[in-house]
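For reference, the structure discussed in these notes is given below.
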Amino acid sequence: MISEDHSPIDRFAWITWELGIVVAGSSLVVLVAATLQLSFGAYPISPVAAWRTLLDPTVLLSGGAWNAFLFGGPVPAYETGTLVAWTIRLPRVLVGVLVGMNLAVSGAILQAVTRNELASPFVLGVSSGAGLAVLLTVVVFTGFLPYLPLFAAVGGGVAFLLVYGIAWQGGTSPVRLVLAGVIVSSVFGSVQTGLFLLLEDVGVIQSVVAWTTGSLVGADWAQVRMILPWTVVAVGAALLGSRQLNVLTLGERTASSLGMSVEHVRFGLSGVAVLAAAASVAAAGIVGFVGLVVPHIVRRLVGTDHKRLLIGCVFAGPALLTAADAGARLALNPAQIPVGIVTGLVGGPYFLYLMRKHRDFGGF
Amino acid sequence: MDDPTSGTDTDDESGSSLSTVSLTLEYPNGESPAVEGVSLTVDPGRLTALIGPNGSGKSTLLKGLSAQLEPAEGRTILDGRAVAAYDDTELARRLGILHQETEGMERLRVEELVAHGRYPYRRFLQRASEADIDAIERALSLTGIDRIRDRPLADLSGGQRRLAWLAMVLAQDTDILLLDEPTTFLDLRHQLAVMDVVRGLRDDAETTVVVVLHDIEQASRYADEIVVLSDGMVVSRGPPAEIITADLLAEVFGIEAIVETDSQGVRIRPVRPLSPPSDDTPP
């Protein structure tokens, strides 16, 4: 009964060499992108010097410096190169890593919850809902700025419920969800554009436009501080829920006959996905396609098991986003374009390719 | 209508007792109840087949038996307690269901699917236990899909796929098994394979099996007991050889047929339909 070459327990181990490759490859991409980001710019630093600065014990082991970075205290006096690397360029990379992680995990959860490979925070309206909430906070309710991620989460959650409600007819189908997402996104988009008209300062308008396409320009430790706690919560909760996600993808009826309270689990996990997406929107604006494409690529490499899939996403999401941001910084140097434009330019064609190649595309 | 509650006995020594008390089931948008006032005791440790024409409420009754559908009236009782009163996980350890449509999940490997059958046993964050592994291996070997355990579902034939889903339900290790048309759309070989697995479970593990079958001959061959449904009500029940008669086929299924009994069960040779399926006014 027991196969000879494997002990049965080993057969169910979840670490596979495919996952190892995804993790190692993604980490390498992040390191290369980070090196580029740290070296290029108005104040050039050589790659070697950049890494030497990052590993500089007077910063790395300094309580004062970390107090400044993580809690917003005063930054100790360092030479210019160190300051540029540590307070301008590194946080941008870190925000990119965290945003990519959140978006990829959020997309993976939403695809499982809706049993639909076309689902993503962008498609399901979460991004536009969170975006509108953020814009309203920035433009109208400026007093609530410290609660930005929370507002974004509420906006994203409302949009998600709207989309789900519109698509629901005793069940949802991939096509109906996507259509409902398009409807809600375009309505929210119109309101966003309308808000621009209330803005008078051209500089503000420009930064708001950059933000709606998703941009890491000017991201600093404040954004890291804002997004980090939510990322830890969302990624942790997603990993804890990986087995629920697996069973959920078997279909509502099978999940319930296996003893799962489907409604509770689906609601809870959707909440985690909305939180993750909203935190990334609050930090970097609306970066498209990451939440759609990353889970897709990772699933093709590591299979459908959600523990592997989510861990793959935790590494591959940052890889795509930091690479795209390095591209956004270098493509039209010295001008910088929003990272969302690069992810759109890369993600769109990839999706087109998938659509052409797989006829049954969209189902789980 | 004969007494549908004539189960063998109440306090049985083996298997679990599953019964319904004047169970009425409705769908939210249906005009008339899909199942109306059914009181039925399933014989523990035996194989009961539900048969009946399309729309007679077979699959709906199965949903009622498994608490998948909340009754409009009446209740389903498992070992003295209403199924609705069971905790979800607790019920899933007692009662396994193979649903009719099991689609998608193309990239899932067979053994991963089967492992999901252990969901009701594994607590939060707990790893697969020895018992989990044993149950998975047993389900794989019972259904004879050991060899294809590493293949993704997309690579399998319809019959193999059904066996894989059956194995998942078997890994649940329940003493009651509800199967909704497990053989429909399968080739003959896989029909026999599925039914032999089910019969083996009754014989070796004294599993109580309720199976919805489309094929009356198949039902008569494998079932200990046949329950005939028509318009949401039980019209007849008993051992196959006694129940399947030319009269029943005429009355319930609306066909004229010649019925013969042999060692394999009953043979049905359909002759002609008695009235057009849409029996409005004749032309």
Side-chain angles (χ1 to χ4, degrees), chain A residues 1-14 16 112 115-117 169-171 174 236 239-265 296 298-309 358 360-364, chain B residues 27-29 63 66-68 86-109 111-113 115-122 124-130 132-134 136-138 140-141 146 149-150 152-154 165 168-169 172 174 178 180:
Chain A
M1 215 148 98
I2 293 163
S3 48
E4 310 83 77
D5 48 342
H6 295 284
S7 92
I9 293 271
D10 283 349
R11 288 193 144 275
F12 298 95
W14 54 271
T16 58
R115 293 190 81 214
N116 181 347
E117 283 199 312
Q169 277 174 1
L239 284 173
L240 291 180
S242 59
R243 191 146 53 92
Q244 320 289 336
L245 288 170
N246 283 337
V247 173
L248 213 49
T249 51
L250 297 178
E252 196 168 332
R253 288 206 294 159
T254 303
S256 113
S257 63
L258 285 172
M260 174 188 282
S261 18
V262 175
E263 292 307 328
H264 293 141
V265 170
H296 228 275
V298 176
R299 194 179 291 112
R300 300 177 83 78
L301 295 171
V302 305
T304 46
D305 178 75
H306 277 81
K307 202 175 206 174
R308 281 195 294 262
L309 178 62
H358 302 278
D360 59 339
F361 183 67
F364 222 81
Chain B
Y27 287 105
N29 44 3
K63 283 182 197 155
S66 60
Q68 298 266 303
Y86 278 78
D87 172 70
D88 290 342
T89 309
E90 199 185 351
L91 190 63
R93 292 181 186 187
R94 303 292 313 280
L95 208 144
I97 309 144
L98 179 64
H99 295 286
Q100 203 174 335
E101 321 91 32
T102 39
E103 293 177 346
M105 305 305 296
E106 301 285 293
R107 265 172 253 148
L108 195 68
R109 290 182 307 116
E111 71 177 10
E112 287 178 316
L113 173 66
H116 286 323
R118 300 305 293 171
Y119 179 81
Y121 293 90
R122 284 174 63 186
F124 194 54
L125 292 182
Q126 195 185 323
R127 305 194 47 162
S129 69
E130 207 69 41
D132 290 333
I133 305 291
D134 287 349
I136 294 164
E137 296 296 332
R138 193 170 57 241
L140 284 168
S141 80
D146 249 327
R149 59 189 294 161
D150 285 320
L153 293 185
W165 281 91
M168 186 206 81
V169 179
Q172 232 175 302
T174 58
L178 308 177
D180 196 355

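Below, read A as the first sequence line, B as the second, and so on, with proteins coming before strands; counting in each chain starts at 1.
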- side-chain hydrogen bond (donor to acceptor under 3.5 Å, both in side chains) evaluation trace for B:Gln68 with A:Ser257: CA-CA 8 Å; B:Gln68 298 266 303; A:Ser257 63; 4.7 Å; no

- Note on the structure: Scored by heavy-atom pairs under 4.5 Å with chain A, the best of B:Lys63, B:Arg118, B:His116 is B:His116

- Check side chain to side chain contact (heavy atoms under 4.5 Å, CB included) between B:Pro120 and all other residues, then give those that pass, not counting sequence neighbours. A:Leu258, B:Thr89, B:Ala92, B:Arg93, B:Gln172

- With only heavy atoms counted, which part of B:Leu91 is less than 4.5 Å from chain A, the side chain, the backbone, both or neither? neither

- Message: For B:Leu178, which atoms come within 4.5 Å of any heavy atom of chain A: side chain, backbone, both, or neither?
- Response: neither

- Which pair of heavy atoms, one from B:Asp88 and one from A:Ser261, lies closest together, and at what distance? OD2-CB, 3.6 Å

- Taking salt bridge (charged side-chain N to carboxylate O under 4.0 Å, His left out) as the test, write out the residues that go with A:Arg253, two or more places apart. B:Glu101

